[in-house]
Every structure is written in structure tokens, then in C-alpha cells.
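In what follows, chains carry the letters A, B, and so on, assigned in the order in which the sequence lines appear, proteins first and then strands, with residues in each chain numbered from 1.
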Amino acid sequence: DIQMTQSPSSLSASVGDRVTITCRASQTIFSYLNWYQQKPGKAPRLLIFAASSLQSGVPSRFSGSGSGTDFTLTISGLEPEDFATYYCQQSYNSPRTFGPGTKVEIK
Amino acid sequence: QLQLQESGSGLVKPSQTLSLTCAVSGGSISSGTYSWSWIRQPPGKGLEWIGHIYESGTTSYNPALKSRVTISVDRSKNQFSLKLSSVTAADTAMYYCARGNEDQLLYYFDYWGQGTLVTVSS
């Protein structure tokens with residue numbers, strides 16, 4: 001299985017901050033990397049697919065980059081509704097595996 | 001707008017079989033190049049993909065659970081189902097169904113159900 005790691009595991013930030021979350025795969029996954037946002041008690045929501053493609057309806061302050069083994073999710077200008085846990089997920093091979101998550105909390 | 005809704009037993013005894021169904025509305029389970037997945041999340045933990053099925057009935061399972069998992073599809077009812085046998089407390093989790101949107105290696109979960117909590121306890 002491809003192992004996914006994320007850093008940091010949690011962070012504190014203020015509204016308006018620029019936030020960057022990193023995801024690393026245990027082997028190359030080219031650009032087959034997706035990002036999800038999950039709020040407490042809710043299902044995950046797709047934000048970014050194929051490393052950098054913004055899902056329809058997702059605000060443009062979310063962006064993704066990277067290829068190979070190292071990827072980043074950036075939130076440019078944190079909004080109150082962005083406080084949540086973010087997961088990366090690889091789709092290069094089966095089983096589909098997720099990172100352990102990064103919790104973004106209010107400072 | 002596509003909607004997915006999980007249903008099934010919320011409390012299962014150890015060693016028994018967990019059974020869940022995902023009803024799909026707002027679209028056909030038979031249209032497009034989609035797979036239909038089950039994903040679970042133990043309380044306070046991360047996400048684990050259990051497996052998926054295509055409308056043809058072709059399945060793929062997570063090797064960690066493969067010996068205990070069966071996913072099936074009922075095209076007439078526009079729904080798919082999960083059975084997980086010989087459950088233990090480690091199977092206690094929120095169970096989500098989700099649509100997998102695929103294009104060769106590009107594969108992402110774009111629609112999710114709200115989730116259903118399954119507790120394994122005697």
C-alpha cells in the first residue's frame with residue numbers, strides 16, 4: 001500500500017492568514033492526489049483533484065500543487081468556515097489511501 | 001443534484017455481520033464511468049477505503065478487509081450494499097458511501113453520503 005503522511009498534524013491560524021499543508025506519499029504517485037475538507041459531524045468534501053484542479057463550487061482561495069511524492073494545499077486568506085480537518089488521498093493505485101489529516105484550528 | 005443516503009444496523013454484536021445500504025438519488029447508479037465506494041472512519045481517527053463496485057458488479061476491496069467484505073449492487077433499486085463479517089470492536093466507525101469519479105488513474109470521491117455510525121458491542 002502507498003502510505004500517505006501529512007504535516008503538520010494540526011495548526012492554529014487566524015482569519016486572513018495564508019495556510020499551507022503538506023502531504024507526502026511513500027512512492028511516486030505522479031499527480032494522482034486529491035484533497036478533502038471535513039468539518040465535525042460532516043462527511044468529507046472534495047476540494048482539489050489531480051493535485052491542482054479545483055472542484056466545482058470550491059472557493060478560489062484553495063489551491064493545490066505538487067507532483068511525484070510531495071504535495072501542498074494552500075488556503076490564501078483563511079475564512080471562518082475553513083476551520084476544519086484536511087485530508088489528502090492518493091488515487092495512483094489500490095487500495096486508495098488517505099493521509100492522517102491536518103486539523104486547522106482558530107488561534 | 002446527486003444524493004447518497006446510508007441505512008442499516010447501527011448496533012452489531014461481535015462476530016456478527018454488519019450490513020449497510022446506500023441509496024442513490026438524483027442520478028442513476030448505471031450512468032457514467034463511476035464506481036461506488038464504502039469508506040469508514042473510526043471515532044476521532046482518519047479515513048479508510050473499504051472497497052468499491054461498478055454497476056457491472058465488478059468489485060475491488062482493500063486487502064486489509066478483503067476476507068470479510070462483500071459489496072453488491074442492486075440496479076433496479078439504484079442502491080449498493082456493504083456486508084462486513086466477523087466484526088469486532090475495531091470495526092466501530094462512521095461508515096460513508098461515496099461516488100468515485102474515474103478517468104484512467106484519476107479517481108476522486110466527489111459525492112458522499114452523510115454517514116451512519118455503526119457500533120460493535122454486545
Side-chain angles (χ1 to χ4, degrees), chain A residues 1-7 9-10 21 23 25 27-58 62 64 67-68 71 73 84-103, chain B residues 1-7 20 22 24 33-54 58-69 71 93-117:
Chain A
D1 299 5
I2 295 176
Q3 306 302 316
M4 307 300 294
T5 57
Q6 289 181 234
S7 61
S9 57
S10 66
I21 298 168
C23 175
Q27 65 180 75
T28 184
I29 57 170
F30 300 92
S31 294
Y32 299 111
L33 189 284
N34 309 315
W35 289 98
Y36 301 85
Q37 175 194 66
Q38 187 178 34
K39 296 182 180 179
K42 300 292 187 181
R45 170 197 180 197
L46 177 68
L47 297 177
I48 302 280
F49 62 94
S52 61
S53 295
L54 195 67
Q55 172 69 349
S56 176
V58 174
F62 291 93
S67 65
F71 302 86
L73 172 70
T85 300
Y86 294 84
Y87 294 94
C88 59
Q89 174 246 323
Q90 64 84 16
S91 68
Y92 180 64
N93 68 12
S94 189
R96 321 302 176 179
T97 47
F98 293 84
T102 295
K103 187 174 184 178
Chain B
Q1 177 78 346
L2 192 75
Q3 292 187 319
L4 291 79
Q5 178 68 58
E6 304 90 347
S7 62
L20 298 174
C22 181
V24 179
T33 53
Y34 303 119
S35 58
W36 303 92
S37 279
W38 288 97
I39 296 162
R40 70 180 184 178
Q41 184 173 38
K45 296 189 177 180
L47 298 158
E48 180 180 36
W49 177 75
I50 299 170
H52 70 214
I53 191 166
Y54 295 92
T58 300
T59 56
S60 178
Y61 300 136
N62 189 325
L65 299 167
K66 186 174 184 176
S67 63
R68 300 193 291 129
V69 173
I71 298 176
M94 184 71 77
Y95 284 76
Y96 296 100
C97 57
R99 187 180 81 169
N101 196 329
E102 300 190 36
D103 180 5
Q104 299 182 353
L105 291 179
L106 186 61
Y107 180 117
Y108 48 89
F109 303 108
D110 56 356
Y111 288 93
W112 296 66
Q114 64 185 27
T116 188
L117 179 63

Could you measure the distance from the [atom1] atom of [X] to the [atom2] atom of [Y]? Nearest 0.5 Å is fine.
{"X": "Ser94(A)", "Y": "Tyr61(B)", "atom1": "OG", "atom2": "OH", "answer": "12.0 Å"}
{"X": "Met94(B)", "Y": "Lys42(A)", "atom1": "CE", "atom2": "NZ", "answer": "11.0 Å"}
{"X": "Phe30(A)", "Y": "Leu106(B)", "atom1": "CZ", "atom2": "CG", "answer": "14.5 Å"}
{"X": "Asn101(B)", "Y": "Gln55(A)", "atom1": "CG", "atom2": "CD", "answer": "8.0 Å"}
{"X": "Asn62(B)", "Y": "Thr97(A)", "atom1": "CG", "atom2": "OG1", "answer": "9.0 Å"}

Which atom pair, heavy atoms only, marks the closest approach of Gly113(B) to Ala43(A)? O-CB, 3.2 Å
Derivation and outcome, side-chain contact (heavy atoms from CB on, under 4.5 Å), residues Arg45(A) and Trp112(B): CA-CA 8 Å; Arg45(A) 170 197 180 197; Trp112(B) 296 66; over 6 Å; no
Using the side-chain contact (heavy atoms from CB on, under 4.5 Å) rule, take Tyr108(B) and Tyr36(A) through it: C-alpha gap first, then chi angles, then the decisive distance, then the call. CA-CA 10 Å; Tyr108(B) 48 89; Tyr36(A) 301 85; 3.9 Å; yes
Under 4.5 Å heavy-atom distance to chain B, tell me which part of [X] shows up: side chain, backbone, both or neither.
{"X": "Pro40(A)", "answer": "neither"}
{"X": "Tyr92(A)", "answer": "both"}
{"X": "Gln38(A)", "answer": "side chain"}

Residue Tyr96(B) versus chain A: region with a heavy atom under 4.5 Å: side chain
Phe109(B) and Phe98(A) aromatic ring geometry - parallel, tilted or perpendicular at 30°/60° bounds: parallel
Stepwise side chain to side chain donor-acceptor pair (under 3.5 Å) check, Gln90(A) with Tyr107(B): CA-CA 8 Å; Gln90(A) 64 84 16; Tyr107(B) 180 117; over 6 Å; no
Counting heavy-atom pairs under 4.5 Å with chain B, which one of Ala50(A), Gly41(A), Ser56(A), Pro44(A) comes out on top? Pro44(A)
